[in-house]
Amino acid sequence: MATVKQLAELVAGKIVGDESVEILQVASADDVRPGEITFAVSKRYLDMVRESPAAAVIVDAFADDLSIPQIIVSNPKMAAIQIAAHFAPESPIEPGAMQGAYIDPSAKVHPSATVAAGAFVGADAVLGPKSVLMPGCAVMENAVVGEKCVFHPNVVIGSRCVVGDRVIIHAGTVIGADGFGYFPVGDMQMKIPQLGIVEIGNDVEIGANSCVDRATVGRTTIGDGAKIDNLVQIAHNCHVGKNCILVSKVGLAGSVRLGDNCVVGARAGITDNTTIGAKSMIAGMSGVSADLPPGSKVGGLPAVNHLQWKRGLAAQKRLPGLLKQVDRLEKRIAELEDALKKSGD
C-alpha cells in the first residue's frame, strides 16, 4: 500500500487532489477496482475512468471534471509501469541450495544464488550472485550464468552456453539444444555435430517454451536487451541484435542475422542465411526470404513493402465485387458480339 503522495514522488509527478488517499495497486482503466490507481492516455481512457471506481488516476494534463486525485506526468503509461514495479511482490525464495537440488562439487555457485529443489548445476558450471534456479532447471556442464538471473521451472541451459546478467527465462525454454543439422548420405540423413554454443547478453527476457539452438560451430547470439516471446524458435548460428523484439511463434532459420532494434511480429518466419537491417519491422504471419536494408517495413507472404502489402489487402476485399463485374462485362461483350454478327449478316 502507498499514498498518492508517495506514488507521485516515485514518478516525479504533480498532484491535484487529496494526496493522502491510500492506493492498493495499479490497474487498467477498464478493470480498475476500488482502492486502485489507473492511468489515462487518451479521451477514451478518460471516459472509462469517469465511469470507474478508481481511487486516483495518472494523466498528462489536468481533467477538471474528475473528482479523484490526479498525478500529472509527461508520460502516464511509463509512470504506471514504474508504479506497477513498486507494487510487484518480492520473491520469497531464500538464497542457497534447497533440499533436493544437485550441485556438482566442481561447480561455482555464488552464496547469494538460489538453487531450488529438483534443480541441477553441472560440472564446472558457474551461477552468479543473486541468480535463481527454480525447480527442474538444469545448468549443464561448463555453462556460465551471470548475476541476478531468474530461470523459471524446467529451463535448460546447455553445456558451455553463456548467459549474461539480469536475464529472465520463463518455464520450459531450452537454450543450447542441438541445431537442426544433417547431411544426406544415400537415403539417410547423417547428423552434423553441433559444436558451438549460445551466448545471451544482458537484460534479455525469453518467454515460455522457446528454443535457442546452439551453433554448428561458433556462436548463436542474443544481443543485450532483446525481448523474446513464448514459443519462438531461433535456429543454429543466428544473431539477434540488441533490443530486438520477437513476438510469439516467430521462427528464424539457420544463420539469420537481425540488426539492432528490429521487431518481428507473431508467426513470422525468416529463411536461412537472411540478413535483416537494423530497426526493421516485419508484420505478423509474414515470410521473409531475401535480405532487407535497415529501416525496412514489410508484410505478407512473400514479404513486400508494407504499403504495397496494405494495398494488396485492400484490393483483396474488393475481389468478389470485381469478379461479379467481370462476369457482367463478359456477358455484355458476348451480347454485343452477337448483335454485331447478326447485323453483319
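The residues of the chain are indexed from 1 along the displayed sequence. The figures that follow rest on heavy atoms only: side chains count, while hydrogens, waters and symmetry mates do not.
One finds the CG atom of Leu340 at 11.5 Å from the NZ atom of Lys342 (value rounded to the nearest 0.5 Å). Taking CZ of Arg166 as the start and CD of Glu205 as the end, the distance is 13.5 Å to the nearest 0.5 Å. The line from CD of Gln233 to CD1 of Ile228 is 11.0 Å long, rounded to the nearest 0.5 Å. Rounded to the nearest 0.5 angstrom, Arg257 CZ and Asp291 CG are separated by 11.0 Å. Rounding to the nearest 0.5 Å gives a distance of 9.5 Å between CG of Asp229 and NE2 of His170.
Taken together through direct or relayed side-chain contacts under 4.5 Å among Ile, Leu, Val, Met, Phe, Trp and Tyr, Val298 and Val304 form parts of separate hydrophobic clusters. No chain of hydrophobic side-chain contacts below 4.5 Å, direct or via other Ile, Leu, Val, Met, Phe, Trp or Tyr residues, connects Phe180 to Ile270. Residues Ile15 and Ile37 share a single hydrophobic cluster, defined by chaining ILVMFWY side chains whose heavy atoms lie under 4.5 Å apart.
A donor-acceptor pair under 3.5 Å links the side-chain atoms of Asp260 to the main chain of Lys242, judged by distance alone. Distance alone, capped at 3.5 Å, places no donor-acceptor pair between the Asp60 side chain and the Val73 backbone. A distance-only check finds no donor-acceptor pair linking the side chain of Ser52 to the backbone of Val32 [under 3.5 Å]. Looking at Ser112, its side chain never comes within 3.5 Å of a backbone N or O of Pro129 through a donor-acceptor pair. Remark: the backbone N or O of Ala208 is paired with a side-chain donor or acceptor of Asn230 at under 3.5 angstrom. The closest donor-acceptor contact from the side chain of Thr173 to the backbone of Val156 lies at 3.5 Å or more, if one exists at all. Not one N or O on the side chain of Thr220 forms a donor-acceptor pair closer than 3.5 Å with the backbone of His236. Side-chain N or O atoms of Glu330 include none that pairs as donor or acceptor with a backbone N or O of Asp327 at under 3.5 Å. A donor-acceptor pair under 3.5 Å is formed between the side chain of Ser131 and the backbone N or O of Cys149.
Here the closest heavy-atom approach between residue Val139 and residue Ala143 is recorded as CG1-CB, 3.7 Å. Contact detail for Ala107 and Val121: the closest heavy-atom pair is CB-CG1, 3.7 Å. The two residues Gly128 and Ala113 come nearest to each other via the heavy atoms O-CB, 3.5 Å. When every heavy atom of Leu258 is checked against every heavy atom of Cys244, the shortest pair comes out as CB-SG, 4.2 Å. In terms of heavy atoms, Val167 sits closest to Asp203 at CG2-N, 4.2 Å. Here the closest non-hydrogen pair linking Asn237 and Thr216 is OD1-N, 2.9 Å.
Residues Arg214 and Asp178 form a side-chain contact, since some pair of their non-hydrogen atoms from C-beta on lies under 4.5 Å apart. Using a 4.5 Å heavy-atom cutoff, the side chains of Lys331 and Arg328 are not in contact. At least one side-chain heavy atom of Ile72 sits under 4.5 Å from a side-chain heavy atom of Phe62. Side-chain atoms of Ile71 and Val4, non-hydrogen and from C-beta on, do get closer than 4.5 Å to each other. Contact annotation: the side chain of Tyr45 never approaches that of Val57 to less than 4.5 Å [non-hydrogen atoms, C-beta and beyond].
Counting heavy atoms of neighbouring residues, nucleotides and ligands inside a 6.0 Å radius, atom NZ of Lys279 does not exceed 12 of them. Other residues, nucleotides and ligands contribute only 12 or fewer heavy atoms inside 6.0 Å of the NZ atom of Lys43. Counting heavy atoms of neighbouring residues, nucleotides and ligands inside a 6.0 Å radius, atom CZ of Arg160 exceeds 12 of them. Atom CE of Met1 is surrounded by more than 12 heavy atoms from other residues, nucleotides or ligands within 6.0 Å. Around atom CZ of Phe120, more than 12 heavy atoms belonging to other residues, nucleotides or ligands sit under 6.0 Å away. Other residues, nucleotides and ligands place more than 12 heavy atoms under 6.0 Å from the CG atom of Asp65. Heavy-atom contacts from other residues, nucleotides or ligands closer than 6.0 Å to CE of Met98 number more than 12. Within 6.0 Å of atom CZ in Arg267, 12 or fewer heavy atoms from other residues, nucleotides or ligands are found, so the atom counts as exposed in its surroundings.
The pair Arg33-Glu36 does not meet the salt-bridge criterion, since no charged nitrogen lies less than 4.0 angstrom from a carboxylate oxygen. With respect to Arg44 and Asp47, no salt bridge is recorded, no charged nitrogen being found less than 4.0 Å from a carboxylate O. A salt bridge does not link Glu147 to Lys130: none of the charged side-chain nitrogens sits closer than 4.0 Å to a carboxylate oxygen.
In summary, the side chains of Gln194 and Asp213 do not present any donor paired with an acceptor at a separation below 3.5 Å, with no hydrogens or angles considered.
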